[in-house]
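Bear in mind that the values here come from a model prediction, so they are computed numbers and not experimental data. Every number for a ligand or one of its atoms is a count from 1 in the order of the listing.
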Amino acid sequence: MNNNKVIKHSKFLSLILRHKPETIGIDLDENGWIDIDLLIKKMNGNGRQLNREDLYFIVENNSKKRFAIDEVNNKIRANQGHSLDINLGFEPIQPPEILYHGTATRFVDSIMKTGLEKRDRHHVHLSADKSTAANVGQRHGKLIILEVRAMEMFEKGFQFFKSENGVWLTDKVPTLYLNKNKNND
Ligand code: HQG
């Protein structure tokens, strides 16, 4: 399968497994899983031709490891990024001293007023390194990388989680813990 096809299928799978399973007439279970055979059948029925091997290839080759297959190869789910109300079973863990959030410069005034909010997602998404934060932020416009003093938040009782694919997650980041100008060299 060529890269374009992987990207096309991955985007559609993100839509189905994070936001709108009803698009192809499926339901996810409370932990976000769907039976692989059923998913394939429904995708094929909706003009998306792929088989089990294609799906394995997409899961393996997805640039951000966005999807996971269960141990017995029955079910698939998205690792993070949901807007649907599902429980991914994350355990709270201690974050590093600093995490990063890439965003667009036009959002900064608002962010510095109200803090980072999760908007349509379950959590605010943070990155352990600046280059990942840059990729995330560039999607929205002219990039700015905000520094989040994560350990300080943790010490004050804020909870942090890490998804299977290495995305750091928290409920909100108050302005107090944000540094604006240090990382945009
Ligand atoms: C902004 C992608 C104004 C926030 C990425 C962001 C990530 C505010 C946007 C994952 C705000 C939400 C998530 C405030 C937050 N005022 N703007 N108070 N608080 N924002 O896409 O973090 O490709 O929902 O800065 O790689 O950009 O989908 O979040 O710009 O991991 O796997 O509101 O999505 O992963 O945008 O990206 P998003 P995000 P996938």
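Using a 3.5 Å distance cut-off with no hydrogens or angles, the side chains of Thr132 and Asp129 do pair a donor with an acceptor.
Residue-level contacts of ligand 1 at the 4.0 Å heavy-atom threshold are Arg18, Lys64, Arg66, His101, Thr103, Phe107, Ser110, Ile111, Thr114, Gly115, Leu116, Glu117, Arg119, Arg121, His125, Val136, Arg139, His140.
Using a 4.0 Å cut-off between a side-chain N of Lys or Arg and a carboxylate O of Asp or Glu, Asp29 and Arg77 do not qualify as a salt bridge. Using a 4.0 Å cut-off between a side-chain N of Lys or Arg and a carboxylate O of Asp or Glu, Lys20 and Glu22 do not qualify as a salt bridge.
No side-chain heavy atom of Thr170 sits under 4.5 Å from any side-chain heavy atom of Pro95.
A search for side chain to side chain contact (heavy atoms under 4.5 Å, CB included) contacts involving His122 returns His82, Ile86, not counting sequence neighbours.
One N or O on the side chain of Arg139 and one on the backbone of Val136 form a donor-acceptor pair closer than 3.5 Å.
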